[in-house]
Amino acid sequence: MTIITLSSDFGADGYFVGVMHGVIASLAPIARIIDLCHTIRPYGRLQAARLISANYHYFPAGSIHVIVVDPGVGSERNVILLEADGHYFLAPDNGILSQIAAKPKSRVWVIDRPELYLKPLSQTFHGRDIFAPLAAHLALGETPKNMASQVNLEDLIRLDAPQPQLDYESQQISGAVIDIDHFGNIITNISRQLVRTFFADTADRAMIIDINGRQLQGIASYYNEKAVGLAVALYNSEDLLEIAINQGRACDFLQVKSDTRIIIRAEVSS
Amino acid sequence: MTIITLSSDFGADGYFVGVMHGVIASLAPIARIIDLCHTIRPYGRLQAARLISANYHYFPAGSIHVIVVDPGVGSERNVILLEADGHYFLAPDNGILSQIAAKPKSRVWVIDRPELYLKPLSQTFHGRDIFAPLAAHLALGETPKNMASQVNLEDLIRLDAPQPQLDYESQQISGAVIDIDHFGNIITNISRQLVRTFFADTADRAMIIDINGRQLQGIASYYNEKAVGLAVALYNSEDLLEIAINQGRACDFLQVKSDTRIIIRAEVSS
Amino acid sequence: MTIITLSSDFGADGYFVGVMHGVIASLAPIARIIDLCHTIRPYGRLQAARLISANYHYFPAGSIHVIVVDPGVGSERNVILLEADGHYFLAPDNGILSQIAAKPKSRVWVIDRPELYLKPLSQTFHGRDIFAPLAAHLALGETPKNMASQVNLEDLIRLDAPQPQLDYESQQISGAVIDIDHFGNIITNISRQLVRTFFADTADRAMIIDINGRQLQGIASYYNEKAVGLAVALYNSEDLLEIAINQGRACDFLQVKSDTRIIIRAEVSS
């Protein structure tokens with residue numbers, strides 16, 4: 001039994017996802033469909049890229065991951081099929097898969113079998129008319145080369161996430177807010193690995209985080225290390241620096257905006 | 001394996017849907033349950049009717065479609081079973097199924113087997129106590145005539161969607177907003193077919209759409225035909241006239257209200 | 001086929017739930033996963049306790065119910081496995097399972113097999129790293145005693161829901177608002193059984209409900225007993241006193257706050 005995961009910016013409202021399930025179940029009854037995430041911000045390609053990169057490996061090898069964040073739906077943009085790390089990925093060619101495509105031994109194809117699409121083909125809902133049937137045919141055992149033409153990785157649209165700024169002179173890293181989760185926690189683009197590398201041997205408790213004029217001392221291991229209502233910095237389940245309030249909403253309390261910067265530096269020992 | 005689809009106005013929050021899954025899985029473990037849409041507006045019978053009419057055929061023949069939008073729950077209203085176009089439909093008799101019931105060769109029954117309901121039977125949650133067990137029994141192979149009494153189509157409550165107004169004198173169609181989707185796109189009740197019929201040979205690019213004092217020239221094929229941030233009119237995946245903003249929220253920008261009218265007319269060649 | 005139900009405060013947004021599905025499907029492909037409810041208020045242990053107590057029995061005996069409402073994630077709190085009434089329950093030891101654990105013949109274990117957890121183990125997302133694999137192993141037939149150490153019920157953290165106040169002198173019950181549902185209906189902690197016991201033979205129609213300065217006369221059987229737009233009190237599908245507005249939003253109209261009290265008393269016959 002093959003697993004097909006679905007991710008999109010279709011939202012928790014609406015019927016788009018349900019209809020995709022219907023199309024897949026009609027063509028490939030044997031496939032098991034799992035909704036990974038449908039609340040990617042509308043047109044949020046960077047968020048989609050991060051979501052799928054960070055989470056595909058929690059599914060069995062051989063899974064087919066469909067990601068429909070597709071502002072160019074209906075235009076001439078390509079639909080691509082990527083095989084990487086033992087998984088398959090179907091998405092518009094708009095950079096969502098750049099990061100995964102860079103893995104060793106990955107192979108990529110551009111779909112060129114319009115006869116696999118639903119008829120009549122709409123120009124506004126390719127999740128239903130193109131992606132769902134492609135995933136179903138793949139789950140049924142259709143081979144990539146029968147559905148698509150192999151292309152070079154360099155031919156794909158590339159999408160690069162903004163990286164934190166490393167300031168060697170003042171010895172600090174300046175990062176961005178890349179997400180606010182359901183609990184109001186603030187997710188940054190500063191990874192544990194980057195901090196460890198940049199600050200060498202500095203202990204977590206000696207790190208200082210600045211955000212909107214407030215300072216947090218130390219990086220905790222879990223939310224409850226601080227009292228309820230207090231702000232806490234930690235590395236989250238994606239190993240990204242996160243700022244939370246124990247049982248509160250950090251995004252509201254710290255008045256985070258999309259351009260808020262987070263600075264991390266080491267305590268100066270005196 | 002039979003598919004049961006569930007649609008309701010129960011929302012993306014709450015446990016009502018999960019419990020319906022439980023009841024069905026307890027009675028008919030073999031049935032596959034797919035959530036079509038649970039974000040129909042509360043008590044939105046017209047929206048429910050449109051949803052199921054437009055989308056049931058994306059599921060395999062033999063599927064059982066349960067639609068629980070039921071402001072009369074607990075009162076004397078009937079529960080009906082409809083067989084049409086090779087699919088089964090279960091809903092309160094409140095007009096949701098009017099349109100599908102009008103298909104040729106459709107047959108309709110009123111449920112009269114209270115012993116199939118859960119005990120104790122609540123008077124506020126028939127999705128759990130009546131609809132879920134009925135769908136399960138149907139999936140297990142119970143025949144309609146063993147669950148229900150056949151009635152005439154004319155005996156059903158009828159629900160008619162407001163139709164666009166055709167103004168032959170000023171040569172224009174005036175339609176209504178029937179939905180705002182997750183992206184803020186404005187869905188109207190003006191279908192591609194109606195426009196084609198009314199305006200005969202007029203090309204899409206020669207159509208003019210008026211909405212809240214703004215004019216859009218031409219009907220595009222896809223969102224990205226206009227630059228990001230510009231308004232675009234097109235026929236959506238249901239072949240209804242839709243007004244969108246490429247990667248923006250048309251409903252906010254155009255300040256659409258529930259009584260906003262959309263006028264479509266042909267450009268006057270001078 | 002074993003059913004695993006998932007409940008949490010992860011919200012309808014986000015990817016946390018999808019990833020838990022992936023982990024379970026990877027380890028125990030044969031298990032069937034049903035989402036019971038993921039919109040428990042963040043950190044809402046009382047709401048989680050009520051949800052699972054009221055609804056687990058709608059699933060088949062042998063089901064495994066996972067409830068992740070876990071403000072103490074990453075700290076030293078225990079993870080417990082409860083067997084009660086033929087069902088299994090996995091949750092943090094924070095009182096969510098107190099009520100079900102009190103059932104006769106229930107047995108409880110504290111998990112002590114960290115080798116079953118995902119590696120690397122995060123300290124912020126135990127739904128993925130601990131609860132999902134535990135549920136999967138249980139579904140695969142692992143026995144509780146191989147996963148955990150049996151403990152006494154008295155050793156568990158206990159959580160007691162605030163009870164309505166019984167005023168014998170003025171002959172009234174004063175209850176609290178414990179939930180607002182998707183339709184804006186106001187759910188109280190006053191049960192049908194409590195009212196029946198306290199007010200002995202008083203008929204439903206002779207009861208008077210006070211809420212925010214308004215009085216409702218009588219307890220109805222269903223919403224539609226009152227005209228559209230009118231307030232109605234009834235016992236809901238959990239047999240709790242609920243105040244609704246037929247096809248309206250009672251919580252808005254009655255300006256309910258978290259500390260709003262609902263008083264129920266019997267009409268004084270004159």
Side-chain angles (χ1 to χ4, degrees), chain B residues 1 4 6 8-35 38-45 68-77 92 94 117-133 136 182, chain C residues 1-7 9 11-13 32-41 47-48 50-52 54-63 65 87 179-185 187 192 220-226 228 232 234-240 242 244-249:
Chain B
M1 186 180 60
I4 296 173
L6 303 181
S8 74
D9 56 359
F10 292 162
D13 50 335
Y15 62 90
F16 299 153
V17 174
V19 169
M20 288 181 67
H21 280 244
V23 171
I24 295 171
S26 297
L27 293 168
I30 199 67
R32 176 176 182 173
I33 309 168
I34 296 180
D35 294 303
H38 293 291
T39 52
I40 296 167
R41 277 185 300 276
Y43 327 113
R45 294 182 299 143
V68 190
V69 173
D70 193 10
V73 59
S75 67
E76 290 296 310
R77 65 95 184 82
N94 62 18
Y117 305 165
L118 290 203
K119 315 273 178 314
L121 173 66
S122 77
Q123 290 187 278
T124 56
F125 189 5
H126 285 182
R128 177 190 71 190
D129 300 340
I130 292 183
F131 289 99
H182 176 71
Chain C
M1 185 181 61
T2 301
I3 287 177
I4 296 173
T5 79
L6 303 181
S7 298
D9 57 358
D13 49 336
R32 175 176 182 172
I33 310 168
I34 295 180
D35 294 303
L36 174 51
C37 181
H38 294 290
T39 53
I40 295 166
R41 278 185 299 277
Q47 192 187 8
R50 185 168 69 87
L51 169 80
I52 195 65
N55 293 297
Y56 76 85
H57 67 278
Y58 290 107
F59 294 82
S63 292
H65 305 279
H87 291 247
D179 208 1
I180 304 289
D181 76 11
H182 176 71
F183 298 94
N185 300 329
I187 322 293
R192 186 200 300 258
S221 294
Y222 52 90
Y223 303 113
N224 217 19
E225 232 174 76
K226 296 285 176 75
V228 170
V232 54
L234 43 65
Y235 296 112
N236 72 6
S237 58
E238 286 183 65
D239 264 346
L240 294 174
E242 175 179 315
I245 285 181
N246 187 11
Q247 299 188 40
R249 290 187 65 80

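None of the values given here were measured: they were computed from a predicted structure. Chain identifiers are assigned alphabetically (A, B, ...) following the order of the sequence lines, protein sequences preceding nucleic acid strands; residue numbering begins at 1 within each chain.
Closest of all the heavy-atom pairs between B:Q123 and C:Y222 is O-CB, 3.6 Å. The shortest non-hydrogen separation linking C:R32 to B:A31 is NH2-O, 3.5 Å. Minimum heavy-atom separation, C:E238 to B:Y15: OE2-OH, 2.9 Å. Scanning all heavy atoms of the two residues, the minimum distance from B:H21 to C:I34 falls at CB-CG2, 3.6 Å. Nearest heavy-atom pair, B:D13 versus C:H182, reported as atom, atom and distance to 0.1 Å: OD1-ND1, 2.8 Å. Heavy atoms only, all atoms of each residue included: B:F16 and C:D181 are closest at CZ-OD2, 4.2 Å.
Residue contact with chain B, scored on non-hydrogen atoms closer than 4.5 Å, is absent for C:I40. For chain B, the nearby parts of C:L36 are the backbone and the side chain; heavy atoms of each come within less than 4.5 Å. Heavy-atom distances place no part of C:Y56 under 4.5 Å from chain B, backbone and side chain included. With a threshold of 4.5 angstrom between heavy atoms, B:T124 approaches chain C through its backbone and through its side chain. Only the side chain of B:R128 has a heavy atom closer than 4.5 Å to any heavy atom of chain C.
Across C:F59, C:Y223, C:F183, the residue that shares the most heavy-atom pairs under 4.5 angstrom with chain B is C:F183. Contact count against chain B (heavy-atom pairs under 4.5 Å) is highest for C:S221 among C:S7, C:G11, C:S221. For the set B:S122, B:P42, B:S26, the entry with the most heavy-atom pairs within less than 4.5 Å of chain C is B:S26. Here B:P71 is the residue among B:G72, B:P71, B:A12 with the most heavy-atom pairs under 4.5 Å with chain C. Interface check for chain B: of the options C:N246, C:D35, C:T39, the most heavy-atom pairs under 4.5 Å are formed by C:T39. In terms of non-hydrogen atom pairs under 4.5 Å with chain C, the most contact-rich of B:L118, B:V23, B:V19 is B:V19.
The number of heavy-atom neighbours closer than 6.0 Å to CG of B:L121, taken from other residues, nucleotides and ligands shown, is above 12.
The OH atom of C:Y58 sits 6.0 Å away from atom CG of B:D129, with the distance rounded to the nearest 0.5 Å.
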